Amino acid sequence: MLFTAFAAALLPLASAQLHLQAKKAGLKYFGAATDSPGQRERAGLEAAYPRYDAILRDTNEFGQTTPTNGQKWLFTEPEQGVFNFTEGDIVASIAEENGQLLRCHALVWHSQLAPWVEETTWTPEALRGVIVEHVTRVMEHYKGQCYAWDVVNEALEEDGTYRESIFYQVLGDEYIKLAFKTAAEVEPDVKLYYNDYNLESPGPKADGVLRIVRMLQDEGIKVDGVGMQAHFRAHDAPTLDEQLAVMKSYAALGVEVAVTELDVRIQLPVNETSLAWQAEAYKNTAIACMRVRECVGITLWDFYDPFSWVPYVFEGEGAPLLWFEDFSKHPAYFSVIEAFANMTSPPKCSGKRRSHKLY
Ligand SMILES: *[C@@H]1O[C@H](CO)[C@@H](O)[C@H](O)[C@H]1NC(C)=O
Ligand SMILES: *[C@@H]1O[C@H](CO)[C@@H](O)[C@H](O)[C@H]1NC(C)=O
Ligand SMILES: *[C@@H]1O[C@H](CO)[C@@H](O)[C@H](O)[C@H]1NC(C)=O
């Protein structure tokens with residue numbers, strides 16, 4: 001009898017899936033970014049593609065996707081005035097075929113920028129023209145397909161001052177205003193986001209984000225959201241309280257927030273302890289997003305460890321996502337499901353999101 005009750009309690013969790021549970025907990029979506037096959041090739045795992053694709057396209061698991069690379073400037077405007085949407089279209093069409101929301105990423109960013117932008121000596125007037133043309137042509141191509149656009153990505157240094165990108169050097173903070181203003185003119189209905197990393201706990205960088213949002217609002221320029229990339233490390237990820245505090249501080253300005261690139265990397269090899277830290281980190285992000293009404297959703301930066309960017313950038317670290325190479329799930333997968341399920345279990349609330357009035 002005890003056993004039966006135990007099994008019955010576990011059953012709903014065993015069959016639960018991320019997007020399905022997230023929706024029940026009041027989020028708009030739970031998603032995963034993905035890449036065109038070109039980027040996956042370096043993992044050398046072609047035999048895994050069919051299984052990978054089946055999970056990606058399972059809308060109970062993922063209700064949203066983002067092209068990790070294909071819409072970046074390097075791919076979309078490799079030469080001035082020469083546009084190429086091949087890479088970005090691969091992911092956009094996956095979303096369309098499956099009825100998944102598409103978060104579009106990213107219009108103005110200093111990294112993965114086409115070399116010609118940095119190699120040219122610009123007058124302010126000429127660089128303004130370049131930004132307007134890039135934002136306009138890329139957004140027009142994807143018009144009607146995106147739930148949101150990351151309009152400006154990573155404009156801040158860790159101390160909250162502006163990053164000395166080519167855009168900032170020539171135009172100062174005007175480039176941010178110009179990018180958002182142009183984006184709003186091209187597609188007034190899409191959500192326009194400022195997106196960055198290390199802004200998932202209060203501090204100087206988070207203050208910089210608040211300053212950018214206020215600056216845009218003060219000038220009457222449309223800004224709809226703050227994207228929290230959330231590239232964490234298992235042993236020192238932001239706490240639940242930190243994430244709640246910072247999300248609320250953005251939301252207090254009247255914008256929505258989203259967790260846009262979540263992964264939690266581990267010092268390899270993984271062990272039980274580090275996987276438990278990772279499970280805790282993922283759980284805290286899920287809980288924070290559920291508790292803050294303005295947090296619309298969570299996007300993993302891919303979902304399958306071998307296709308993550310982490311091992312290529314952080315030596316000795318990896319396993320940051322929710323599916324291991326053999327397609328078994330991380331403990332973190334179940335902690336996210338459990339966190340969502342806790343929020344939706346009948347005694348605490350009536351199947352709707354409850355705690356959003358906590359603050
Ligand atoms: C556009 O991009 C794709 C994918 O990167 C590439 O294969 C193709 O050659 C490009 N097209 C042009 C006209 O450069
Ligand atoms: C597990 O890995 C972490 C690093 O992620 C390390 O600090 C810890 O000592 C390891 N524990 C064991 C029992 O090996
Ligand atoms: C879910 O709720 C149970 C009972 O209150 C608690 O023990 C558990 O830690 C919670 N799990 C999560 C992931 O919040």
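Start at 1 and go down the list; that is how both ligands and their atoms are numbered. None of these values were measured; they are calculated from a predicted model. Throughout, numbering of the chain's residues begins at 1 and tracks the sequence.
In this structure, atom 13 (C) of ligand 1 is not in close contact with the protein, since no protein heavy atom lies within 4.0 Å of it. Of the protein's heavy atoms, none falls inside 4.0 Å of atom 9 (O) of ligand 2.
For atom 7 (O) of ligand 2, the closest non-hydrogen atom on the protein side is W277 CH2, 4.1 Å. Protein heavy atom in closest approach to atom 4 (C) of ligand 1: E87 OE2, 3.5 Å.
Selection from N84, T76, N69 by nearest heavy atom to atom 3 (C) of ligand 1 gives N84.
Below 30°, between 30° and 60°, or above 60°: for W309 and F314 the angle between ring planes is above 60°, a perpendicular geometry.
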Please step through side-chain contact (heavy atoms from CB on, under 4.5 Å) for the pair L45 and R40, ending with a clear verdict.
CA-CA 8 Å; L45 280 173; R40 298 182 201 164; over 6 Å; no
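How far NZ of K283 is from CZ of F334: 16.0 Å, rounded to the nearest 0.5 Å.
Applying the 4.0 Å criterion to heavy atoms of Q267 picks out, from ligand 2, the atoms 4 (C), 5 (O). Per-residue contacts place S274 under 4.0 angstrom from the following atoms of ligand 2 (heavy atoms of the residue considered): 5 (O).
Panel note: side chain H231, backbone E261; a donor-acceptor pair is recorded below 3.5 Å.
Annotation: N271 places an N or O atom under 3.5 Å from an N or O atom of ligand 2; distance criterion only.
Under the 4.5 Å side-chain criterion, counting only non-hydrogen atoms from C-beta, L321 is in contact with S308.
In summary, E158 and K205 engage in a salt bridge, as defined by a charged side-chain N under 4.0 Å from a carboxylate O.
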